[in-house]
Amino acid sequence: KYNFDHSYSYLNASLGFNYRFRYNTAALYGRATLGHKAPEMDFYVQNFVNQPVERGSVEQIKQVELGYRFDENTLTFSFTGFYSSLENILFQVFIPSGTSTIFTPPTFNSSQTLGAELELVYIPIRKLYLRLNTTVQEARFKKFTYYNTNGTTTPQGPTVSTAPLLNPLDDDFLESFDNNKVNDIPSVFGDVNVSYELGKIKPFVNFQYVGQRYANR
């Protein structure tokens with residue numbers, strides 16, 4: 001059992017605007033946000049037995065979006081460009097070794113995403129609705145460094161340096177995967193829905209598409 005007392009102090013802020021014009025049927029809007037994410041409860045709950053509860057890292061999140069919206073009669077659509085970045089992303093590997101577990105030194109990484117989103121509703125004839133929602137984005141690791149133990153679990157040096165080898169006599173090294181795509185995030189995904197009003201019921205046909213994505217790092 002370990003006693004610990006960790007506190008995290010940070011500032012979150014968001015600023016946005018919405019400007020309507022053309023008889024209130026069109027608008028420009030934008031938003032900028034600075035946020036932070038403290039370690040989740042699982043960071044403490046899932047701590048290994050006989051391991052000290054260390055202080056976690058706070059992730060920094062930046063988001064910016066700028067868009068245009070149009071809404072008139074039979075056509076409504078919005079087009080939004082966005083950018084987001086995450087800093088100080090903790091990555092650490094736990095390697096089983098006999099009856100114990102080896103903790104690789106943590107690395108702190110960053111990612112960024114640039115993309116655009118289109119939402120559209122079109123009514124070509126009365127009671128017939130065509131809906132489209134699609135996103136195109138590019139999410140990559142600006143920095144992703146992995147502590148590679150090179151197939152061994154013997155401790156290989158007291159500290160992590162920026163050198164390719166941690167120690168001339170050791171086989172551990174820091175491996176860089178900078179600029180690789182972020183796992184689990186597709187470059188393209190979308191949703192198309194066609195519906196028709198028949199009294200109190202509204203039958204519809206729906207198609208969803210999710211592009212290829214890496215299942216792991």
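Only heavy atoms go into these numbers, but all of them, side chains included; no hydrogens, no water, no symmetry mates.
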Q) About how many Å separate CZ of Phe144 and CG of Asn180, when rounded to the nearest 0.5 Å? A) 9.0 Å
**Q.** Non-neighbouring partners of Lys143 that pass side chain to side chain contact (heavy atoms under 4.5 Å, CB included), sequence neighbours left out
**A.** Asn109, Ser110, Thr145, Asp178
Q: For the residue pair Asn88 and Gln60, confirm or rule out a side-chain donor-acceptor distance under 3.5 Å.
A: no
Q: To the nearest 0.5 Å, tell me how far Leu130 CG sits from Leu120 CG.
A: 8.5 Å
Q: Indicate the atoms forming the closest heavy-atom contact of Tyr129 with Glu197, along with that distance.
A: OH-OE2, 3.4 Å
Q) Any idea how Tyr19 and Phe21 line up, ring-wise: parallel (<30°), tilted (30 to 60°), or perpendicular (>60°)? A) parallel
Q. With a 4.5 Å limit on heavy-atom distance, are the side chains of Lys181 and Glu138 in contact?
A. yes
Q.
Side chains of Asp184 and Tyr214: any donor to acceptor distance under 3.5 Å?
A. no
Q | Closest approach of Ser85 to Lys142 (non-hydrogen atoms, all atoms of both residues) | A | CB-NZ, 4.4 Å
Q: Report yes if some heavy atom in the side chain of Asn206 is under 4.5 Å from a heavy atom in the side chain of Asp191; otherwise report no.
A: yes
Q | hydrophobic_cluster_shared for Leu118 and Tyr68, side chain cutoff 4.5 Å | A | yes
Q. Among the clusters formed by ILVMFWY side chains lying less than 4.5 Å apart, do Val194 and Tyr122 turn up in the same one?
A. yes
**Q.** Rounded distance [0.5 Å steps], CG in Leu132 versus CZ in Phe207
**A.** 11.5 Å
Q. Quick one: are the ring centres of Phe77 and Phe70 less than 6.0 Å apart?
A. yes
Q: Report yes or no: do Asn148 and Asp172 form a side-chain donor-acceptor pair below 3.5 Å?
A: no
Q: Taking the side chain as every heavy atom from C-beta outward, state whether Arg55 and Pro39 have any atom pair closer than 4.5 Å.
A: no
Q. With a distance cut-off below 6.0 Å to the six-membered ring centre and an angular limit of 45° from the axis, does Lys37 pair with Tyr8 as a cation-pi contact?
A. no
Q.
Running the 4.5 Å side-chain criterion over Ile, Leu, Val, Met, Phe, Trp and Tyr, what cluster does Tyr83 land in, apart from itself?
A. Leu114
Q.
I'd like to know whether Arg22 forms a salt bridge (charged side-chain N to carboxylate O under 4.0 Å, His left out) with Glu72, so could you lay out the CA-CA distance, the side-chain angles of the two residues, the decisive distance to 0.1 Å, and finally the verdict.
A. CA-CA 10 Å; Arg22 198 178 180 276; Glu72 188 175 55; 3.4 Å; yes
Q: Decide whether Thr80 and Tyr29 meet the rule of one side-chain donor and one side-chain acceptor closer than 3.5 Å.
A: yes
Q) Does a sphere of radius 6.0 Å around CG in Leu15 hold more than 12 heavy atoms from other residues, nucleotides or ligands, not counting ones at 6.0 Å or beyond? A) no
Q | Close side-chain approach of Asn133 and Phe189, heavy atoms under 4.5 Å | A | no
Q.
Nearest 0.5 Å, please: how far is CG in Leu75 from OG1 in Thr25?
A. 10.5 Å
**Q.** Arg140 (side chain) donor-acceptor with Asn179 (main chain) under 3.5 angstrom
**A.** yes
Q) With distance as the sole criterion, is a donor-acceptor pair present between the side chains of Thr76 and Asp71 under 3.5 Å? A) yes
Q: Mind checking the CG-CD1 spacing from Asn12 to Ile61? Nearest 0.5 Å is all I need.
A: 8.0 Å
Q. Ser84 pairs by side-chain contact (heavy atoms from CB on, under 4.5 Å) with which of Thr33, Thr113, Val64?
A. Thr113
Q: List the steps, then state whether salt bridge (charged side-chain N to carboxylate O under 4.0 Å, His left out) holds for Lys62 with Glu87.
A: CA-CA 9 Å; Lys62 296 178 181 178; Glu87 303 284 345; 6.0 Å; no
Q | His36 side-chain N/O to Leu11 backbone N/O, donor-acceptor pair under 3.5 Å | A | yes
Q: Check whether any side-chain N or O of Tyr146 sits under 3.5 Å from a backbone N or O of Thr107 as a donor-acceptor pair, and report yes or no.
A: no
Q) With distance as the sole test, does Glu117 use its side chain to make a donor-acceptor pair with the main-chain N or O of Gly81 at under 3.5 Å? A) no
Q: Write down the atom of Gln92, the atom of Pro106, and the distance for their closest heavy-atom approach.
A: NE2-CD, 3.9 Å
Q. Going through the checks in order, is the side chain to side chain contact (heavy atoms under 4.5 Å, CB included) test met by Phe17 and Leu66?
A. CA-CA 10 Å; Phe17 75 91; Leu66 180 65; 3.9 Å; yes
Q.
For a side chain to side chain contact (heavy atoms under 4.5 Å, CB included) check, start with the C-alpha distance between Tyr147 and Leu174, then their side-chain angles and the critical distance, and finish with the verdict.
A. CA-CA 5 Å; Tyr147 184 97; Leu174 290 175; 3.9 Å; yes
Q: Determine yes or no for a side-chain-to-main-chain donor-acceptor pair under 3.5 angstrom, with Asn183 supplying the side chain and Arg213 the backbone.
A: no
Q) Between Tyr10 and Val58, which heavy-atom pair has the shortest distance, and what is it? A) CD2-CG1, 3.9 Å
Q) Could you give the distance from CG (Asn18) to CZ (Arg31), rounded to the nearest 0.5 Å? A) 13.0 Å
Q | Exercise: identify the closest heavy-atom pair between Phe204 and Ser195 | A | CB-CB, 3.7 Å
Q.
Between Phe91 and Ile185, is there shared hydrophobic-cluster membership here, with clusters defined by ILVMFWY side-chain heavy atoms closer than 4.5 Å?
A. yes
Q | Joint hydrophobic cluster, Val205 plus Ile201, side-chain heavy atoms closer than 4.5 Å | A | no
Q. Quick one: are Phe79 and Glu119 in side-chain contact, heavy atoms under 4.5 Å?
A. no
